Each structure stands twice: as C-alpha cells, then as structure tokens.
Amino acid sequence: MNSTAPQLAIPAARALNLTKVYGAGETTVTALRDVTVEFERGHFSAIMGPSGSGKSTLMHCRAGLDSVTSGSAFIGEVEINGLNDLALTKLRREAVGFIFQSFNLIPTLTALENITLPMDIAGRKPDQAWLDAVIDAVALRDRLRHKPSELSGGQQQRVACARALASRPAIVFADEPTGNLDSRSGSEVLGLLKNAVQEMGQTIVMVTHDPAAAAYAERVVFLADGVIVDELRAPTQGSILERMTRLDPGSARA
C-alpha cells in the first residue's frame, strides 16, 4: 500500500503577513498592511483597487522589484526577501516574466531580439519549439525583423508579452498592460494573456484599474488602503464594477 500522502500544489506566488512602509516619522506611508494572499499555478488573476490602494506595490513586492518591510514574499518555494541581490536577479530572470504599461522594449533591437533578450543575457538558448509557439500566439511572425519604432502600440505590447512568455517563467506579472493601448489593441493583448493561461498553462497576475480588463481574469483580488478587502471568482465586468463602486464611489464614473 502506498502510504505517501498527496501533496498540496505549491502556489506560483504568495505573500504572508506582508507589510510595506515608505518614509519615516511624519512622512510615513503604509502601502501594504499585513497582506496574506496566494496566486495559483495555471490561473489568470487580477489585482484591483482605488488609486493609492497598494495594488502596484503588492505586485512589485511579490515580484521582487521592491523590498518588504516585514512579512514574507515567495515565488514558488523560494522566499525572495531572504535573497541577496545576485540570487534575486537570477530568480527574476529565470522564474518571472514582466509586462509593463510602457512596453520597455529596446529601441535598437528587432522584435525577435527583444523577445529573446532575457535568455540572451542569461546565456541560454531558447527552446525553439516553444519560441515558435509563442511567436505564433502573438501573431507577429511577419514583424520579427522590425524595430519598435516600426510597430504599432498593440504590436509593441505583443512583443513585450512574447518576451515575458518566451523563457517559460513560473509566473508573469503584468502591470497595467493595456494602459497605453486603444480598446481594440487592449482586447487583443488581454485575449493573448488569457490564451497563454488556457492553452500554455501559464500563470499570470495582472494589476489593472479597468473592470473590462479584469473581467478576462478567473479571479479578482480587491485592495483598499493596503488591505485585501474582497475577491471575486469567475468575475464579469458588471460584478467587478459593483464591487469597485463599493470600495470607491468615484470609480463608477471612471
């Protein structure tokens, strides 16, 4: 008889009693207050909240882009706030993908060179089959030799998405990925992210202020004043708007 007990899946990322304080004395700002939250593997999660609620701070602390004041942040089994700078850089490079509102592409590199840049820096050869699948998923095969200035905003963000996915990271963090896009381009990028979860098994955590964008996710976590106050599973744009209106009545006019 096999006596081995089944193992619970380790979350792709989690925070445990995480607090982040900026400044000191009269200028102290507590951006996060004792936050505990998990993000499951193979799922698309969104983080929402009123302006100043701490949603971007939570993502930055979770991704190792910012330090924590107290508590713990994990990527998989690794407690990232216990790592030195070199180990943290290596973990971010190998296990985490990033998508930013401003694209953050290198203007002198082609689309393909931007996509493979993190692996090139790490001295790793891409898995060609996976790279081809990612390039086809973002529908940019005919634009790979173009530089960012020769691409539309939507195409540039799709390059950024491909760059985040190409190394098969444990988790992708997306910070307002549609903030600089028109509605059509934004919908294309969100559809791509959703497909990356459903078809490629990727894990994505997205910060957004847009209920339409958050509705693409399977789960929405709501913050207010640095505290998690609610969450929704299988959200719709209407249900998200209703929750946001409770947190911030002004959001109904956004």
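Computed from a prediction, not measured in an experiment: that's the story for all the values here.
The environment of CG in Asn84 is crowded: more than 12 heavy-atom neighbours from other residues, nucleotides or ligands sit within 6.0 Å. Within 6.0 Å of the CG atom in Asp225, the count of heavy atoms belonging to other residues, nucleotides or ligands does not exceed 12. Other residues, nucleotides and ligands place more than 12 heavy atoms under 6.0 Å from the CD atom of Gln128.
The main-chain N or O of Gly49 is found under 3.5 Å from a side-chain atom of Lys55 such that the two form a donor-acceptor pair. A donor-acceptor pair under 3.5 Å is absent between the side-chain atoms of Ser45 and the main chain of Val205, judged by distance alone. Without hydrogens or angle criteria, Arg145 side chain to Thr110 main chain gives no donor-acceptor distance under 3.5 Å. At distances below 3.5 Å, not a single donor-acceptor pair connects side-chain atoms of Gln157 with backbone N or O atoms of Gly154. Looking only at distances, no side-chain donor or acceptor of Thr116 sits under 3.5 Å from a matching main-chain atom of Met119. Without hydrogens or angle criteria, Asp175 side chain to Val207 main chain gives no donor-acceptor distance under 3.5 Å. The backbone N or O of Phe74 lies less than 3.5 Å from a partner atom in the side chain of Arg62, making a donor-acceptor pair. Of the possible donor and acceptor atoms, one in the side chain of Thr203 sits under 3.5 Å from a partner among the backbone N and O of Gly42.
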### Task
Quick one: do Leu223 and Leu32 satisfy side-chain contact (heavy atoms from CB on, under 4.5 Å)? Show the steps, please.
CA-CA 9 Å; Leu223 272 76; Leu32 297 172; 3.9 Å; yes
### Task
Kindly indicate, with the supporting measurements, whether the criterion side-chain contact (heavy atoms from CB on, under 4.5 Å) is fulfilled by Ile47 and Phe39.
CA-CA 11 Å; Ile47 302 172; Phe39 297 103; 3.9 Å; yes
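The distance from the CD atom of Gln155 to the CG atom of Leu105 is 11.5 Å, given to the nearest 0.5 Å. Atom-to-atom distance recorded for Ser167:OG and Ile121:CD1 is 11.5 Å, nearest 0.5 angstrom. In this structure, Met48 CE and His209 NE2 are separated by 8.0 Å, a value rounded to the nearest 0.5 Å. With rounding to the nearest 0.5 angstrom, the CD atom of Glu242 is 8.5 Å from the CG atom of Leu232.
Of all the heavy atoms in Ile99 and Pro177, the pair that sits closest is CG2-CB, 4.0 Å. Of all heavy-atom pairs spanning Ala214 and Pro235, the tightest one is O-CG, 4.1 Å.
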